[in-house]
Amino acid sequence: MTAMQHVKLGAYYVVHLIEPDDFDFWRERARALVRCDVPPDRIAWVEPGGSGDLFAHGERRMPIPDDDAPPVRASKRFVKLAKNAILHSDPERFALLYRLLWRLQANPRAMEDKADPDVRRIEELDKNVRRDSHKMHAFVRFRLVENEEDDEEHYVAWFEPEHHILRANAGFFVRRLANMKWSILTPQGSLHWDGEALAEGPPAQRGDAPSGDPTEDLWRKYYASIFNPARLKVGAMLKEMPRKYWKNMPEAALIPELVAGAQNRESQMVAAGALEFEQRPDTLAAIDTAIHACRKCPIGALENEAVMGEGSRDASLMIVGEQPGDQEDRAGRPFVGPAGQLLDVHLEQAGIDRRRAYVTNTVKHFKYVQRGKRRLHQNPGAKEIDTCRWWIEAERAIVKPKLVLAMGASAARGMLGKTVSISRARGEPILLEDGSELWITAHPSYLLRLEGTAREEQARLFDADLVAVAERLAELEA
Amino acid sequence: MAQKSLIDRLAILADAAKYDASCASSGTAKKNSLGGKGIGSTEGMGICHAYAPDGRCISLLKVLLTNHCIFDCHYCINRKSSNVERARFTPQEIADLTLSFYRRNYIEGLFLSSGIVKSSNHTMEQLVECARILRQEYDFRGYIHLKTIPEADPELVHQAGLHADRVSINVELPTDSGLTRLAPDKDARQIEGAMGGMKMAIRQAKDETKRFRHAPRFAPAGQSTQMIVGADAASDADIVGKASRLYDTFRLRRVYYSAFSPIPDASAVLPLKRPPLIREHRLYQSDWLMRFYGYAPGEVMQATEADGNLPLDIDPKLAWALKFRERFPVDVNRATREELLRVPGLGVKAVGQIIASRRHRTLRLDDVARLTVSITKVRPFICALDWRPVMLTDRADLRALLAPKREQLELFAA
């Protein structure tokens, strides 16, 4: 420690700091200088490693304050900021802090003036240091070193902070990884924790740290998978994770290929789903054209023609079946085969005029398997029905029926998006979100497959459903 | 079938989890591993350990326990009828993976969610088991966020709160009709019932910790939820209304918005065009206005346009100010904090600094410029000692003058 002497009038003082981040040392010197009334422009603060030659004529001995010199005052806010700002790499920081401390003696509230350039500067330094510390907490990456002698795991990280923050952040890692052996190596110094005590070491080089860790493969895989290529925002990433940190982060090597691949992957994703669905057609004729070109599910790729619904554009009743059958596919019209003929009989019995209804199918193409010359009907899968909802909803949006009669489980799924049990769902209306009512009943082809009393029983239930629909329709139309 | 390797399953189950927006690790009780057997700490501030090229923070290991699911929600890539590749982890595997990432400082902790496998209760048990292993067997003191399943037994949901820092239940869609249509297996009343139960449990635990020092902690970081934007017809006004009701009713910490993004193997009921990402951004801004700027939900709705949506080209605060020009300009040397907070371009921090500084000097425009990011944006709405925006506030083309240039927008929209 430098010897002290009484203050010399007009003398120029040079203070050599021993550590770049030692707040207590600076505070002790600064206090003495303020008490001796040495103005800021008479002091040069020299960092370790910094050149003091410019001030060769300066006074290196510290002045001794008079006993009756007033005590030095500083606001809490100043002390808080100064402790952090002193870690900054700006060589001017010591002088700035002293200037502020000096001004605080005359104006104890000087720190409150946020528009003052010195106040702004110390806040900026504090902010930069806080950010650097925060990024250190975030971006330090440890690698495992297995020690063959004692079989203990040791984790080592290499990090290059911008400011003198290593020592100040030791506590964070100690509290976090208390029961782990670790070291953080930096160009300014190193820290070693053995699970009980912290030790400081000399500056290190990148080569002192391990060059890899098998777990990094998992981490890179995670990084690539959690990234959503549908939302590329490179600017937002760069703002928070500037390139200067990338070289010490194993995952950062993936960034260029992820960005390059993203637009590709997204357009593939949309193309795979999109086809001609970009805009939902708003006329029945346009739907008719579009469904003929639809290859969104495998049914569309079979040898068949799409079958469009038919009936009045203003119908209050929409009757929805499952899908066209062999005869419908050949005729290009819905419900003309055996099931359609049976339906006509029952509709007439219930007093429903098919010509006043809009009749259509949930799935627009005929799904079949070829057996010799015959095409055998196949039920559409849930996914195929869901895919085809696009069209039936377009039809509903145009026709705007007051009541929808869905026949069979496929039609019910096409309306509701989930599979329901016909026996439980029939007989009661379900309110759809556009305000119309959905009634569910069996498909007439189900009756065709039954015989004897079973068929009679189901026909009776079917008729009852149709009668209920006819009555409800009359109410709705009234 | 042979079990897929750990890394392949990680790829599948992280990929499946990426549609969850939340990755926050902040706002929980302080804890550290000194004096414990394991590792981990939470010190209040969340830490983002990496950023993905989608601009989102990676703070937690965010994975699903499994992407098998018995539900069939149309917007979800993991729905039953989707052709996506399936995989599952055991609770032990996830606990080990979490620790090996945490030791290398990749993450703050775990965000665990799951598809519904077998039953809601079975799934919830597995989620809780994973958190239990981490907390009890490894004495892990980092952050845990558990997604809870509204259909599960309340006792299991309670267990989740005892281990986790944060719990969340997704409301999924802003309107009940949207939920019925797109998530036919879910029930809005059940979801809100579970959120209500969670609120009570959190409040009760907080009460007990006040009275008894060693009362067990229960979800100290509270509960949050997520809504998907752009998958149904809900307007921004609907969404803001729903969010504010959720904040009030369930004391949520956060409502997350997730712009519906085209997912591979999407169901045809969904729009294929994604909503512009900027819409999600505008919703978050409006969320901010309600949480930190003293705007009532009704006032945010006033900023919407005729179709009920917030303008995309300008932020909601500016939109509001342009609609209520008679409230401006405000005098930076006299106005109250509340008035200053309404000025477009002035943030909470800048307002605090203006109020502190004006005790020492009468502010000029230059002084304000030093405290803000862009004085151009602020200028038309304030008076200072040497500044009066007489002409500007009345200009009809003010919006065009202040709207960010097109190219800048593209950065968000890309």
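In the text below, chain A, chain B and the rest are named by the order of the sequence lines, each starting its count at 1.
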Enquirer: Most heavy-atom pairs under 4.5 angstrom with chain B, which of A:His137, A:Met249, A:Glu251, A:Lys239?
Expert: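 Most heavy-atom pairs under 4.5 Å with chain B: A:His137.
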Enquirer: Taking all non-hydrogen atoms of both residues, which atom of A:Gly417 and which atom of B:Pro184 are closest, and how far apart?
Expert: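 Residues A:Gly417 and B:Pro184, closest heavy atoms: O-CG, 3.4 Å.
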Enquirer: Could you check which of A:Arg176, A:Lys135, A:Lys114, A:His134 has the highest count of heavy-atom pairs closer than 4.5 Å to chain B?
Expert: A:Arg176
Enquirer: I need the single residue from B:Ile7, B:Val63, B:Leu13 that forms a side-chain contact (heavy atoms from CB on, under 4.5 Å) with A:Tyr222. Which is it?
Expert: B:Val63
Enquirer: Enter the distance from A:Ile430:CD1 to B:Thr180:OG1 here, rounded to the nearest 0.5 Å.
Expert: 11.5 Å
Enquirer: Can you confirm whether A:Glu216 sits close enough to B:Tyr106 that some side-chain heavy atom of one is under 4.5 Å from a side-chain heavy atom of the other?
Expert: yes
Enquirer: With a sphere of 6.0 Å drawn around NZ of A:Lys418, does it hold more than 12 non-hydrogen atoms of other residues, nucleotides or ligands?
Expert: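 No - once you tally the heavy atoms of other residues, nucleotides and ligands closer than 6.0 Å, there are 12 at most.
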Enquirer: Measure B:Lys37 against the heavy atoms of chain A and call it side chain, backbone, both or neither at under 4.5 Å.
Expert: backbone
Enquirer: Quick one: does any side-chain atom of B:Asp54 pair with a main-chain N or O of A:Lys233 as donor and acceptor, under 3.5 Å?
Expert: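 Not a single qualifying donor-acceptor pair exists.
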Enquirer: Please name the pair of heavy atoms, one in A:Ala138 and one in B:Cys48, separated by the smallest distance, quoted to 0.1 Å.
Expert: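 Minimum heavy-atom contact is CB-O, 3.2 Å.
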Enquirer: Non-hydrogen atoms of chain A under 4.5 Å away: do they reach the side chain of B:His360, the backbone, both or neither?
Expert: side chain
Enquirer: How are the rings of A:Trp219 and B:Phe101 set relative to one another: parallel (under 30°), tilted (30 to 60°) or perpendicular (over 60°)?
Expert: perpendicular
Enquirer: Within a strict 4.5 Å, meaning less than it, do heavy atoms of the A:Arg389 and B:His74 side chains meet?
Expert: yes
Enquirer: If I measure from the heavy atoms of chain A, does B:Leu97 come under 4.5 Å with its side chain, its backbone, both, or neither?
Expert: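 The side chain, not the backbone.
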Enquirer: A:Phe173 versus chain B, heavy atoms under 4.5 Å apart: side chain, backbone, both or neither?
Expert: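 Interface part for A:Phe173: side chain.
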Enquirer: Please report the interatomic distance OG(B:Ser258) to CG(A:Asn228), rounded to the nearest 0.5 Å.
Expert: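 The OG atom of B:Ser258 sits 8.0 Å away from the CG atom of A:Asn228.
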Enquirer: Can you tell which part of A:Asp217 gets under 4.5 Å to a heavy atom of chain B, answering side chain, backbone, both or neither?
Expert: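 Both backbone and side chain.
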Enquirer: Need one label for A:Glu384: side chain, backbone, both or neither, based on atoms under 4.5 Å from any heavy atom in chain B.
Expert: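 When you check distances to chain B, no heavy atom of A:Glu384 falls under 4.5 Å.
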Enquirer: Examine whether an atom of B:Ile58 lies under 4.5 Å from a heavy atom of chain A, and if so say whether it belongs to the side chain, the backbone or both; otherwise answer neither.
Expert: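 Looking at B:Ile58, just its side chain touches chain A.
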Enquirer: What residue, out of B:Leu371, B:Ile354, B:Leu363, has the most heavy-atom pairs lying under 4.5 Å from chain A?
Expert: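 Max contact count across the listed options: B:Leu371.
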Enquirer: Side chains of B:Glu43 and A:Phe172, heavy atoms from C-beta outward: is any pair under 4.5 Å?
Expert: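 They are in side-chain contact.
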Enquirer: May I ask you to decide if A:Thr215's main-chain N or O and B:Arg104's side chain share a donor-acceptor pair within less than 3.5 Å?
Expert: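 No, the answer is negative, given that no donor and acceptor are paired below the 3.5 Å cut-off.
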Enquirer: Do you know which two heavy atoms are closest between A:Asn179 and B:Gly36, and how far apart they sit?
Expert: ND2-O, 3.0 Å
Enquirer: Once rounded to the nearest 0.5 Å, what's the spacing between atom CG of A:Leu218 and atom OG of B:Ser100?
Expert: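 Taking CG in A:Leu218 and OG in B:Ser100, the distance rounds to 6.5 Å.
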Enquirer: For B:Tyr51 and A:Pro242, indicate whether the former's side chain and the latter's backbone hold a donor-acceptor pair under 3.5 Å.
Expert: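 No: the side chain of B:Tyr51 does not pair with the backbone of A:Pro242.
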Enquirer: I need the minimum non-hydrogen distance between B:Asn105 and A:Met136, along with the two atoms involved.
Expert: ND2-O, 4.3 Å
Enquirer: Would you call A:Lys221 and B:Asp15 a salt bridge, using N to O less than 4.0 angstrom?
Expert: no
Enquirer: Quick check: closest heavy atoms across B:Ala50 and A:Tyr223, and the distance to 0.1 Å?
Expert: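 In terms of heavy atoms, the two residues are closest at CB-CE1, 4.2 Å.
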Enquirer: Could you state the interatomic distance from OG (B:Ser41) to CG (A:Leu177), rounded to the nearest 0.5 Å?
Expert: 7.0 Å
Enquirer: Can you say whether B:Arg103 sits under 4.5 Å from chain A via the side chain, the backbone, both, or neither, judging by heavy atoms?
Expert: both
Enquirer: With a 3.5 Å cut-off and no angle check, do the side chains of B:Ser33 and A:Arg175 form a donor-acceptor pair?
Expert: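 Short answer, no.
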Enquirer: Report yes if some heavy atom in the side chain of B:Lys18 is under 4.5 Å from a heavy atom in the side chain of A:Pro229; otherwise report no.
Expert: yes
Enquirer: Could you tell me whether B:Arg358 and A:Glu112 have a side-chain N and a carboxylate O separated by less than 4.0 Å?
Expert: no
Enquirer: Might you point out which heavy atoms bring A:Ile226 and B:Ala14 nearest each other, and give the distance in Å?
Expert: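 Looks like CD1-O, 3.5 Å.
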Enquirer: Would you sort out whether A:Arg413 and B:Asp72 count as a salt bridge (charged side-chain N to carboxylate O under 4.0 Å, His left out), showing the intermediate values?
Expert: CA-CA 12 Å; A:Arg413 186 180 172 98; B:Asp72 208 5; 2.6 Å; yes
Enquirer: Hey, which of A:Ala178, A:Ala115, A:Pro250 has the most heavy atom pairs under 4.5 Å with chain B?
Expert: A:Ala115
Enquirer: To the closest 0.5 Å, what do you measure between CZ (B:Arg181) and CE (A:Met415)?
Expert: 11.0 Å
Enquirer: So which part of A:Val119 gets closer than 4.5 Å to some heavy atom of chain B, the side chain, the backbone, both or neither?
Expert: neither
Enquirer: So which of B:Ala17, B:Gly38, B:Ala183 has the largest heavy-atom pair count under 4.5 angstrom toward chain A?
Expert: B:Gly38
Enquirer: Taking it one step at a time, do A:Asp113 and B:Arg361 satisfy salt bridge (charged side-chain N to carboxylate O under 4.0 Å, His left out)?
Expert: CA-CA 8 Å; A:Asp113 184 358; B:Arg361 57 174 82 199; 2.6 Å; yes
Enquirer: Can you say whether B:Arg56 sits under 4.5 Å from chain A via the side chain, the backbone, both, or neither, judging by heavy atoms?
Expert: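 Just the side chain, heavy atoms under 4.5 Å.
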Enquirer: If you tally heavy-atom pairs under 4.5 Å against chain B, which of A:Arg143, A:Arg109, A:Glu153 wins?
Expert: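 Option with the top pair count is A:Arg109.
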